2 protein chains.
Amino acid sequence: MKLSKRGEYALRALIDIGLAHALGKTLVSSSELAKQERIPVKFLEAILLELKRAGYLHSKRGAQGGYFLAQPMHRIKIGDVVRRIEGPLAPIRCASVTAYEKCSCPDEAHCGLRLLMVDVRNAIANILDRYTLADTVEVTLRKLRRDKAPLPFVEAAR
Amino acid sequence: MKLSKRGEYALRALIDIGLAHALGKTLVSSSELAKQERIPVKFLEAILLELKRAGYLHSKRGAQGGYFLAQPMHRIKIGDVVRRIEGPLAPIRCASVTAYEKCSCPDEAHCGLRLLMVDVRNAIANILDRYTLADTVEVTLRKLRRDKAPLPFVEAAR
DNA sequence: GCAATGTCTATCATTTTGGTAGGAATTGCA
DNA sequence: TGCAATTCCTACCAAAATGATAGACATTGC
Ligand code: FES
Ligand code: FES
């Protein structure tokens, strides 16, 4: 039941880019992002590239370059991002909706474990497929403002 | 978001032992179990040993030996078994209730990802900590009977 | 005493994870 | 025009996790 560092970094990066976007900074470089999120630069680069290939980001090369969102935030479902980076949401393949695969169980039709894991997968999907990047960014932003915490990317945007 | 084979096998074995118990067969050998569940014998042995060390099973050595439940089924929470075999339920450590650990996020208090993952972890825990082995066995048994499927361990119990 | 069984230790191949290194290609700007 | 900043690409790597397998020893029932 674990999200890898790769997945964690991907989501953190995406949220950060979304946050920057919401604050008026539509372009963020990998080095900025790495610094802000304390992620190894080179590792992050690879991840951003993957997010780009997945269609979530576009990029601009060269000096003053960086990454920016390729889709409106409310259309980026967290669940899809996780699926792309980590694979199926279901804890076990025979309980997966989008990537079903037979398992070694002798009698799948009466497997209690499968039933249970289908429930778990649905519970996870209900959250991750309902929440979009827009939701996540909004919640974060609201929390930051309520606590009067320093907003990221605002000095840099000046 | 994945359950390893080890975890899968552990749960399947436990459910099977519970099923056998419910059908009057209180003692099951690793070879029977391996055959029934199509799990490599030696691998299963190691897992059963771990379940024993965790206090879920007792064993009887020698001929006619085997494993049997060390606790009443309704007191074995699936969530605890998973935690024991797989580790924390939360997808990310900073969202774990039972095994919290700080992550590299610069501002944990305002991290949108963490919020989201706390929700996911709660959704998972709500299912896995609510369901006991007794529930799982009962559901399985009911399904088997409704479909008039051949019950496992009954011929062998004769 | 023998067969069946649990217990223990060691080993292993493969995959996944979490990176690092270096350089080529592109672009903005002085 | 050239330099610095940036993305993009390929290759490589060490450590850990995964999913087993092998073999010997200990215990018990018959
Ligand atoms: S675990 Fe997949 S059907 Fe039983
Ligand atoms: S991911 Fe752990 S606090 Fe942000």
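Order of the sequence lines sets the chain letters (A, B, ...), proteins ahead of strands, with each chain counted from 1. Since this is a predicted model, take the numbers as computed values, not measurements.
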Atom [atom1] of [X] and atom [atom2] of [N]: how far apart are they, to the nearest Å?
| X | N | atom1 | atom2 | answer |
| --- | --- | --- | --- | --- |
| Glu8(B) | dG19(D) | CD | P | 9 Å |
| His58(B) | dT28(D) | NE2 | P | 15 Å |
| Leu51(B) | dT7(C) | CG | P | 12 Å |
| Leu27(B) | dT28(D) | CG | C1' | 12 Å |
| Arg38(B) | dG19(D) | CZ | P | 18 Å |

Can any side-chain N or O of [X] pair as donor or acceptor with the backbone N or O of [Y] at less than 3.5 Å?
| X | Y | answer |
| --- | --- | --- |
| Glu8(A) | Ile92(B) | no |
| Asp135(B) | Tyr131(B) | no |
| Glu86(A) | Arg83(A) | no |

Annotated protein contacts, base or backbone, on nucleotides 3-10 of chain D with a non-hydrogen cut-off under 4.0 Å, one of B, S, - each:
--BBBBB-

Roughly how far, to the nearest 0.5 Å, is CD of Glu138(B) from CG of Leu133(B)?
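Nearest 0.5 Å value for the CG-CD distance: 11.5 Å.
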
Pairs: protein N or O with nucleotides 14-18 of chain C N or O, under 3.5 Å:
residue: dG18(C); atom: OP2; partner: Lys5(A); partner atom: N; Å: 2.9

Just grab all the side chain to side chain donor-acceptor pair (under 3.5 Å) pairs involving residues 87-100 of chain A, residues at least two apart or on different chains.
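Counting only pairs at least two positions apart or across chains, the side chain to side chain donor-acceptor pair (under 3.5 Å) contacts touching residues 87-100 of chain A are Arg93(A)-Glu101(A), Tyr100(A)-Glu108(A).
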
Check this for me: His21(A), atom NE2, are more than 12 non-hydrogen atoms of other residues, nucleotides or ligands nearer than 6.0 Å?
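Incorrect, the count does not exceed 12.
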
Give me the one residue out of Leu14(A), Thr136(A), Val137(A), Leu151(A) that meets side-chain contact (heavy atoms from CB on, under 4.5 Å) with Leu19(A).
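Among the candidates, only Val137(A) passes.
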
Under a 3.5 Å threshold, yes or no: a donor from one side chain and an acceptor from the other, between Thr132(A) and Lys77(A)?
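There is no such pair between these side chains.
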
